[in-house]
Amino acid sequence: MLETLHISNYALIDTVDIRFYEGFDIITGETGAGKSIILGALSLLLGGRADTKAVRQSDRKSVIEAVFMVADYPSIKDFCEANDIDWDDTRCILRREISPNGRSRAFINDTPVPLARLQEVALQLVDIHSQHQNQLLSQPEFQLKVIDTLAANDKLMRDYSVKFNSFRETLRKLKIARQHFAKTRDDEEYMRYQLDQLDQLNPQPGEVEELERDRDVLSNLTDIKSNLYTALQALTDAPSNMLSLLEEVTEACTELEPVIQESDNIPSRLETLSIEISDISQTLSAIDQELAADPRELDAMEERLQALYAMMEKHKVGTVEELIAVREKLRSRLNRLENADETLAELEKETRRALALAKETAGEITERRKKAAQEFAGKLKELAVPLGMKNLCCEIKVDPTEISATGMDRIEFTFAFNKNQPLMPVGGAASGGEISRLMLCIKAIIAEKMKLPSIIFDEVDTGVSGDVANRIGEMMAQIGRSIQVIAITHLPQVAAKGAHHFKVYKEDDDNATHTRINELTPQARVGELALMLSGNPDDKAARANAESLLAAAGNI
């Protein structure tokens with residue numbers, strides 16, 4: 001339930017602190033006294049748009065804070081814990097702050113949160129029903145929500161949602177596969193032509209680099225041969241080559257044996273040099289013999305390189321490895337195309353299976369909706385007749401429709417308010433007052449199912465009087481036995497039914513007008529009801545009538 005509401009620096013309100021109670025609370029006041037201001041402030045906790053014009057004094061922020069008792073609502077606790085929001089096992093505090101520059105901040109239990117998260121929690125804590133919301137009654141989404149609430153379809157709808165989403169996913173995959181195979185078939189001939197070209201070319205990893213290296217060698221063969229000749233001449237072929245010079249050194253060192261230390265190992269070292277020079281010469285000679293100046297080989301290399309370059313450019317790739325990847329991708333696509341019928345058949349089977357599972361659960365939901373719709377129509381008539389709609393006929397249609405996220409049903413509320421009047425949608429059959437009373441009856445029926453701590457009715461009794469007003473008050477009081485009900489009303493018959501009564505009024509000082517709200521004592525309630533009845537709180541007859549109304553409701 002809504003335990004306390006704090007409003008500061010908002011519109012005509014300096015500071016207001018209200019403590020509400022369980023059961024049925026009443027708020028009254030003259031038109032323009034500020035009742036709508038209080039509701040407007042509370043609506044900010046439900047995600048309403050913040051207006052800087054509502055900030056009373058521009059040197060400080062507006063604050064709206066509501067404290068809810070939530071000991072019996074574990075879903076709120078689960079939500080807070082899942083979103084790293086501080087949690088108190090008994091209370092949930094919602095706060096909205098609006099700075100003069102228009103910046104808005106939201107808090108849950110003093111934890112800063114995005115506005116959408118504040119709204120998500122607030123909608124689980126309070127339902128504000130005002131006259132402008134009566135248009136919801138004609139909206140299919142609202143009608144479906146009412147029937148699902150009465151049918152207790154929450155768990156089934158969660159199960160159905162999983163199955164329906166699975167069906168949509170398999171259907172999406174099937175559509176994508178069909179489109180893919182259709183396009184692939186259109187391109188099949190061209191892809192096979194491309195693959196044949198690549199298979200004929202048969203590129204190999206690292207081939208371009210190797211060919212470029214060999215081509216560079218063959219292109220510079222004259223210079224290479226010249227350098228090889230020079231090296232071989234110096235090593236072994238010229239008259240005064242390194243090997244012959246080394247032999248001369250060896251002979252000279254033989255004559256120097258008396259002066260050369262044996263440990264210097266000169267002969268062995270000279271022999272090693274001679275062997276190494278001979279080996280180098282043989283290696284270079286072998287290279288020289290392998291490098292044949294064959295123009296045809298160079299032409300073949302150039303032709304192969306140009307073919308590889310052209311194919312890489314055609315497929316917009318930079319390396320042979322990427323070209324090979326293109327070839328394998330083409331091969332894979334063509335292989336999949338060959339198995340397209342089997343692939344599509346399997347996807348179709350999965351889609352049919354997912355659809356069947358979704359339809360099975362949707363069928364259960366439909367049966368529960370039909371049963372709930374029938375019971376709801378009877379209950380709605382039972383409650384509405386005493387509210388001045390004695391000729392009301394009601395039929396809740398549950399018609400089959402294409403499968404969707406909400407099931408396979410189209411819900412439509414149809415009414416007739418007069419004898420011999422055909423049933424028709426509520427928008428074309430009811431007056432504003434009738435729609436308002438119907439909405440009250442609907443809220444009364446689903447109050448326990450809604451699992452909301454609080455519901456606020458904002459002048460839903462407008463346009464009625466006498467016995468109907470009395471019955472509306474009784475209905476609100478009845479709802480108040482299940483959940484907290486706060487009603488803003490101008491009717492004394494309704495106001496008398498509340499266990500607690502608050503009055504909103506304006507007060508002037510030397511500088512400004514202020515909105516105030518006070519809880520009325522039993523004696524003050526008599527005066528307030530007398531004022532509502534006759535316009536004079538001291539009128540004896542009106543006061544006697546007020547006392548009678550309060551006594552009949554057990555509130556005096």
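Nothing fancy with the numbering, it's 1 onward along the sequence.
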Is any side-chain heavy atom of L5 closer than 4.5 Å to a side-chain heavy atom of I64? yes

Quick one: NZ on K77 to CD1 on I85, what's the gap to the nearest 0.5 Å? 14.0 Å

Candidate list L42, D17, I13, test side chain to side chain contact (heavy atoms under 4.5 Å, CB included), partner I7, passing option: I13

Under the side chain to side chain contact (heavy atoms under 4.5 Å, CB included) test, which residues partner E375, sequence neighbours left out? K371

Counting N and O atoms only, with roles assigned by atom type, does the side chain of Q484 sit under 3.5 Å from a partner on the main chain of Y21, one being a donor and the other an acceptor? yes

Once you measure the plane-to-plane angle for Y160 and F164, does it fall in the parallel (<30°), tilted (30-60°) or perpendicular (>60°) bin? parallel

Do the charged groups of R368 and D148 touch, with an N to O distance under 4.0 Å? no

Considering residues, nucleotides and ligands other than Y193, do more than 12 of their heavy atoms fall under 6.0 Å from its OH? no

So does E360 pair up with K163, basic N to acidic O under 4.0 Å? no

Is there a side-chain contact between F413 and F376, using heavy atoms and a 4.5 Å cut-off? yes

Flag the pair E207 / E212 as yes when at least one side-chain heavy-atom distance between them is below 4.5 Å, and no otherwise. no

I'd like to check C92 versus N109 (side-chain heavy atoms, cut-off strictly below 4.5 Å). Are they in contact? yes

Give a yes or no answer on whether the side chain of E350 reaches the backbone of L347 with a donor-acceptor pair at less than 3.5 Å. no

Ignoring hydrogens and angles, state whether a donor on the side chain of Q194 or Y190 is under 3.5 Å from an acceptor on the partner side chain. yes

Smallest heavy-atom separation, V70 atom then R91 atom, equals CG2-C, 3.7 Å

Inspect the surroundings of NZ in K314 and state if more than 12 heavy atoms from other residues, nucleotides or ligands are less than 6.0 Å away. yes

Test of ring centre spacing under 6.0 Å for F20 and F68: no

Could you walk me through whether M475 and C441 pass the side chain to side chain contact (heavy atoms under 4.5 Å, CB included) check? CA-CA 8 Å; M475 185 176 292; C441 293; 3.9 Å; yes

Give a yes or no on whether the backbone of V162 and the side-chain of S166 come within a donor-acceptor separation of less than 3.5 Å. no

For the pair E169 and R172, find out whether any cationic side-chain nitrogen is under 4.0 Å from an anionic carboxylate oxygen. yes

Any side-chain heavy-atom pair of I455 and V126 under 4.5 Å: no

Say whether N202 and Q204, considering side chains only, have a donor N or O and an acceptor N or O under 3.5 Å apart. yes

For residues I108 and C80, report the shortest heavy-atom separation together with the two atoms involved. CG2-SG, 4.2 Å

Would the number of heavy atoms belonging to other residues, nucleotides or ligands and lying under 6.0 Å from CZ of R353 be above 12? yes

Please assess L357 against F167 for the test side chain to side chain contact (heavy atoms under 4.5 Å, CB included), listing each intermediate value before the final yes or no. CA-CA 8 Å; L357 290 172; F167 160 66; over 6 Å; no

Does anything in residues 468-483 pair up under salt bridge (charged side-chain N to carboxylate O under 4.0 Å, His left out), and if so which pairs, sequence neighbours excluded? D467-R471

Indicate yes or no: at least one non-hydrogen side-chain atom of K397 is less than 4.5 angstrom from one of I411. no

Ionic contact status for E302 with R304, cut-off 4.0 Å: no

Would a distance-only check, ignoring hydrogens and angles, find a side-chain to backbone donor-acceptor pair under 3.5 Å from Q306 to M301? no

Is D409 salt-bridged to K370, cutoff N-O under 4.0 Å? no

Looking at T90 and A71, would you say the former's side chain and the latter's main chain have a donor-acceptor pair under 3.5 Å? no

Are the side chain of S454 and the backbone N or O of L2 linked by a donor-acceptor pair below 3.5 Å? yes

Just wondering, are more than 12 heavy atoms of other shown residues or ligands nearer than 6.0 Å to CD in Q374? no

Could you walk me through whether R369 and E364 pass the salt bridge (charged side-chain N to carboxylate O under 4.0 Å, His left out) test, one step at a time? CA-CA 9 Å; R369 284 172 175 170; E364 295 180 48; over 6 Å; no

Salt bridge (Lys or Arg N to Asp or Glu O under 4.0 Å) partners for E328, two or more places apart: R331

Could you walk me through whether Q119 and L115 pass the side chain to side chain contact (heavy atoms under 4.5 Å, CB included) check? CA-CA 6 Å; Q119 181 183 39; L115 181 59; 5.5 Å; no

Decide yes or no for E459 and S436: does some side-chain heavy atom of the first lie under 4.5 Å from some side-chain heavy atom of the second? no

Derivation and outcome, side chain to side chain contact (heavy atoms under 4.5 Å, CB included), residues E65 and T4: CA-CA 8 Å; E65 181 176 279; T4 61; over 6 Å; no

Donor-acceptor under 3.5 Å (T414 side chain, E395 main chain): yes

Looking at CZ of R96 and NZ of K61, how far apart are the two atoms once the value is rounded to the nearest 0.5 Å? 13.5 Å

Which heavy-atom pair separates I403 from A358 by the least distance, and what is that distance? CD1-CB, 4.0 Å

Around atom CD of E22, are there more than 12 heavy atoms from other residues, nucleotides or ligands closer than 6.0 Å? no

For A416 versus P422, what's the shortest heavy-atom pair and its separation? CB-O, 3.9 Å

How close do G407 and A362 get, counting heavy atoms only, and between which atoms? CA-CB, 4.5 Å

So does M157 get a backbone contact from the side chain of S161, meaning a donor-acceptor N/O pair under 3.5 Å? no

Spell out, as yes or no, whether a donor-acceptor pair under 3.5 Å connects the side chain of T319 to the backbone of E322. yes

Closest non-hydrogen atoms of I396 and A377, given as atom of the first, atom of the second and distance, are CG1-CB, 4.0 Å

Heavy-atom side-chain proximity of L392 to L438 below 4.5 angstrom: yes

Tell me, yes or no, whether the heavy-atom count around E303 atom CD, taken from other residues, nucleotides or ligands under 6.0 Å, exceeds 12. no

Rounded distance (nearest 0.5 Å) linking atom CG of L211 with atom CD of E209: 9.0 Å

Parallel under 30°, tilted from 30 to 60°, perpendicular over 60°: which one fits the rings of H129 and F457? perpendicular

Ignoring hydrogens and geometry, is there a side-chain-to-backbone donor-acceptor pair from T401 to M408 under 3.5 Å? no

